[in-house]
Amino acid sequence: MAEVKTVGQADFAAEVKENQTLPVLVDFFANWCGHCKTLTPVLAELADALEERLKIVKINADEQRELAREYGVLGFEYGYALADPKTLV
């Protein structure tokens with residue numbers, strides 16, 4: 001079963017930028033966000049289904065404001081980014 005790991009500033013580089021084996025779906029979320037809560041089980045199922053083709057990580061945008069700002073997250077309807085690791089380096 002694939003894990004959807006929550007990452008922060010300290011481990012973002014290792015989990016996303018330096019991940020050279022798979023594309024990474026970065027889910028910026030907030031605990032209070034209803035849409036985010038609805039997508040949580042969907043992302044878990046997607047992680048299982050695509051375990052060998054896609055890595056999914058979550059970032060709490062309220063706690064990791066610098067990362068959210070860096071990637072232009074202004075609202076959670078648009079807070080998802082499919083990232084090819086090579087484009088983030």
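Because the structure is a prediction, the values reported are computed rather than measured. The chain is numbered in sequence order, starting from 1.
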(message) For the OG1 atom of T6 and the CD1 atom of I59, what is their distance to the nearest 0.5 Å?
(response) 9.5 Å
(request) Kindly give the heavy-atom pair with the smallest separation between E15 and V24, and that separation in Å. (result) O-CG2, 4.3 Å
(message) Tell me the closest heavy-atom pair linking P41 and T38, and the distance in Å.
(response) CD-O, 3.4 Å
(request) Quick one: closest heavy-atom pair of C36 and F28, and the distance? (result) SG-O, 4.5 Å
(message) Quick check against the 3.5 Å criterion: does R65 have a side-chain atom that pairs as donor or acceptor with the backbone of D62?
(response) yes
(message) Side chains of L25 and L46, heavy atoms from C-beta outward: is any pair under 4.5 Å?
(response) yes
(request) Starting at CD of E18, measure out to CZ of F12 and round the result to the nearest 0.5 Å. (result) 10.5 Å
(message) Has K55 got a side-chain atom pairing as donor or acceptor with V16's backbone, closer than 3.5 angstrom?
(response) no
(message) Can a donor-acceptor pair be found, under 3.5 Å and without considering hydrogens, that links the side chain of N60 to the backbone of A30?
(response) no
(message) Measuring only between side-chain heavy atoms, which start at C-beta, is L54 closer than 4.5 Å to L22?
(response) no
(request) Check for a donor-acceptor pair, side chain of K58 on one end and backbone N or O of V4 on the other, with a separation under 3.5 Å. (result) no
(message) Tell me whether D11 contacts the main-chain N or O of G8 through its side chain, where contact means a donor paired with an acceptor under 3.5 Å.
(response) yes
(message) Using 0.5 Å steps for rounding, measure from the CD atom of E45 to the CD1 atom of I56.
(response) 10.5 Å
(request) Could you tell me which non-hydrogen atom of A47 sits nearest to which non-hydrogen atom of A2, and how far apart they are? (result) O-CB, 3.2 Å
(request) Drop me the distance from Q64's CD to Y71's OH, to the nearest 0.5 angstrom. (result) 12.5 Å
(request) Using the rule that two of Ile, Leu, Val, Met, Phe, Trp, Tyr join whenever any of their side-chain heavy atoms come within less than 4.5 Å, decide whether L74 and F29 are in one cluster. (result) no
